[in-house]
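This report concerns only the one structure given below.
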Amino acid sequence: IIKRNKAMPQLKNLTTVVDDIYETLSCLCDSEELEIPDEHIEEFGERMKTVLKSWSTPHKDRTNLRMSIIGRPMRRLWYDLKNGNLAHNRTHPSVFIKFLYGHILEELVLLLVKLSGHKVEDEQKEISVDGVKGHMDCKIDGEVVDIKTASSFAFKKFSEGTLHDDDPFGYMAQLSGYEAAEGTDEGGFLAMNKESGELALYQPGPFVKINIRDKIKRVREAEAIDTPPEKCYTPIPEGKRGNMRL
C-alpha cells in the first residue's frame with residue numbers, strides 16, 4: 001500500500017487542462033482573489049516583449065517550406081513557394097493587427113495553463129523533420145500542444161472534434177510534424193474562443209493525423225516541377241447564366 005504524502009503535488013494530465021483552468025479561476029466567480037505568483041507575472045511581461053519584437057519583424061522570405069504551411073492544399077502550396085515574395089501578395093495592415101492579438105491571447109492561454117498547475121515546457125522550440133523546420137508552441141504535461149485562438153464558428157471544430165474534416169489551414173499536418181520531431185503521439189490543440197473566452201482541448205486520434213514524412217516528400221516532388229499541381233477543387237455552377245465559381 002502506497003500512502004500519498006499530502007504535501008506531494010499530484011501530477012497533472014493534459015486531458016483535464018480545461019477543467020483545471022476553470023477550477024483555478026472559479027475563485028473570481030466568488031469575488032475572491034486569484035493569487036498569481038510574482039514569477040508568473042514577470043515571465044508573462046517578458047513574453048509580451050518577445051511577442052512584440054517578433055511581430056514587428058516578419059519573415060521576408062516566403063518561399064521556404066515551413067512546418068506552419070506544410071498542410072496547405074498542394075496547389076496553393078506550390079504557388080506560395082514559387083511566388084511567395086511577389087508584390088501582389090502583400091498583406092493588408094489589418095491582418096497584422098489580427099496576428100498580434102492572436103499571439104497575445106496565445107500567451108494568455110499558456111499563463112492560465114501554468115496557473116492551473118500543469119507543466120509547460122519547450123515553448124517555441126525549433127524542430128526539424130526531413131529538413132522542414134518549425135517552431136512548436138509548447139509541450140504541456142509532456143505532450144505537444146498547439147495553442148489556437150478562433151472565432152465562435154471556427155471554435156466548434158475544436159470543441160466538437162471535427163477539425164480533421166475541415167482543415168483549410170493544415171493544422172493537423174502541423175501538429176503531426178511537431179509530434180514526429182518530438183516522438184510523442186497524445187498531443188492536440190488547446191483553443192480559445194476569442195469572442196466568449198471559452199476553452200477547448202482537442203486531441204485527435206492516430207487515424208486522422210497526417211503522415212508528415214510522406215507529405216513532405218510529395219511537396220518536394222511537386223515543388224521541383226514547373227507546372228502547378230491539379231486544382232484542389234472543381235468549379236461549380238453559380239446562377240443560371242453559365243457562370244462558375246470555386
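These figures come from a predicted structure and were not determined experimentally. FYI, the numbering just counts along the sequence from 1.
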* Shortest non-hydrogen contact from Gly177 toward Val129 -> O-CG2, 3.4 Å
* Exceeds 12 heavy-atom contacts within 6.0 angstrom, atom CG of Asn243 -> yes
* Asked: Got a salt bridge between Lys119 and Glu143, using NZ or NE/NH1/NH2 to carboxylate O under 4.0 Å?
  -> no
* Answer whether the closest heavy-atom distance between the side chains of His40 and Leu115 falls below 4.5 Å. => yes
* Would you confirm whether Thr50, through its side chain, and Glu46, through its main-chain N or O, come within 3.5 Å as a donor-acceptor pair? => yes
* Asked: Where the side chain of Thr162 meets the backbone of Phe158, is there a donor-acceptor pair that is under 3.5 Å apart?
  -> no
* To do: Go through the steps to decide whether Glu223 and Arg220 satisfy the test salt bridge (charged side-chain N to carboxylate O under 4.0 Å, His left out), and finish with yes or no.
  => CA-CA 5 Å; Glu223 185 183 10; Arg220 293 293 194 199; 3.8 Å; yes
* Yes or no on side chain to side chain donor-acceptor pair (under 3.5 Å) for His164 and Tyr202, after CA distance, side-chain angles and deciding distance? -> CA-CA 11 Å; His164 57 277; Tyr202 171 44; 2.7 Å; yes
* Asked: What's the shortest heavy-atom distance between Gly71 and Ala173, and which atoms?
  -> CA-CB, 3.5 Å
* Structure fact -> Heavy-atom nearest pair, Gly187 first then Pro204, reads O-CD, 3.9 Å
* Gap between atom CG of Asp167 and atom NZ of Lys157 - 0.5 Å precision -> 7.0 Å
* Gap between atom OG1 of Thr184 and atom NZ of Lys139 - 0.5 Å precision -> 6.5 Å
* To do: Report the C-alpha separation of Lys114 and Glu43 in whole Å, then their side-chain angles, then the decisive distance to 0.1 Å, and conclude whether the salt bridge (charged side-chain N to carboxylate O under 4.0 Å, His left out) test is met.
  => CA-CA 11 Å; Lys114 295 171 185 177; Glu43 181 188 16; 2.8 Å; yes
* Asked: Does a sphere of radius 6.0 Å around OH in Tyr22 hold more than 12 heavy atoms from other residues, nucleotides or ligands, not counting ones at 6.0 Å or beyond?
  -> yes
* Distance, nearest 0.5 Å, that separates OG of Ser116 from CD1 of Ile21 -> 4.5 Å
* Asked: Is it the case that more than 12 heavy atoms not belonging to Lys209 sit under 6.0 Å from its NZ atom?
  -> yes
* Structure fact -> Heavy atoms of Ala200 and Ser159 approach each other most closely as CB-CA, 3.8 Å
* **Residues that Thr15 engages under side chain to side chain donor-acceptor pair (under 3.5 Å), provided they are two or more places apart** => Asn13
* To do: Nearest 0.5 Å please: distance from the CG atom of Leu77 over to the CG atom of Leu65.
  => 6.0 Å
* Are the side chain of Trp78 and the backbone N or O of Ile225 linked by a donor-acceptor pair below 3.5 Å? -> yes
* Asked: Heavy atoms, side chains only, cut-off 4.5 Å: are Glu107 and Val51 in contact?
  -> yes
* Measure across Arg75 and Lys231 and return the closest heavy-atom pair with its distance rounded to 0.1 Å. => CD-CA, 3.4 Å
* To do: Would you give the length of the straight line joining atom CG of Asp185 to atom OG of Ser176, rounded to the nearest 0.5 angstrom?
  => 11.0 Å
* Asked: Is the CD atom of Glu39 crowded by more than 12 outside heavy atoms at less than 6.0 Å?
  -> yes
* Hey, what's the ring geometry for Tyr171 with Phe189, parallel, tilted or perpendicular (30° and 60° as the breaks)? -> tilted
Only pairs under 3.5 Å count here: list side-chain donor-acceptor contacts from residues 144-155, not counting sequence neighbours, and write none if there are none.
{"residue": "Asp146", "atom": "OD2", "partner": "Lys148", "partner atom": "NZ", "Å": "3.1"}
{"residue": "Ser151", "atom": "OG", "partner": "Ala154", "partner atom": "N", "Å": "3.3"}
{"residue": "Ser152", "atom": "OG", "partner": "Asn193", "partner atom": "OD1", "Å": "3.4"}
{"residue": "Ser152", "atom": "OG", "partner": "Asn193", "partner atom": "ND2", "Å": "3.3"}
{"residue": "Ser152", "atom": "OG", "partner": "Glu195", "partner atom": "OE1", "Å": "2.8"}

* Asked: Of the options Val18, Leu14, Leu110, which is the one that meets Leu190 in a side chain to side chain contact (heavy atoms under 4.5 Å, CB included)?
  -> Val18
* To do: Using side chain to side chain donor-acceptor pair (under 3.5 Å) as the criterion, list what pairs up with His118, not counting sequence neighbours.
  => Asp20, Asp141
* Distance from Gln174 atom CD to Ile210 atom CD1, nearest 0.5 Å? -> 12.0 Å
* **Summary of salt bridge (Lys or Arg N to Asp or Glu O under 4.0 Å) pairs that have at least one residue in residues 124-136, sequence neighbours excluded** => Lys125-Glu182, Asp130-Arg213
* Asked: Passes side chain to side chain contact (heavy atoms under 4.5 Å, CB included), Lys215 versus Asn211? Steps please.
  -> CA-CA 6 Å; Lys215 179 63 185 289; Asn211 184 327; over 6 Å; no
* To do: Decide yes or no on side chain to side chain contact (heavy atoms under 4.5 Å, CB included) for Arg47 and Gln124, but give the supporting numbers first.
  => CA-CA 11 Å; Arg47 296 196 68 83; Gln124 295 304 311; 4.2 Å; yes
* Asked: Within a strict 4.5 Å, meaning less than it, do heavy atoms of the Asp122 and Cys138 side chains meet?
  -> no
* Mind checking what makes side chain to side chain donor-acceptor pair (under 3.5 Å) contact with Arg72, not counting sequence neighbours? -> Asp80
* **Neighbour count >12 (heavy atoms, 6.0 Å) for atom CD, Glu121** => yes
Using a 3.5 Å cut-off and no angle test, enumerate the donor-acceptor pairs between side-chain atoms of residues 97-105 and protein atoms at least two apart in sequence or in another chain.
none

* For Met172 and Leu163, work out which heavy atoms get closest and say how close. => SD-CD2, 4.1 Å
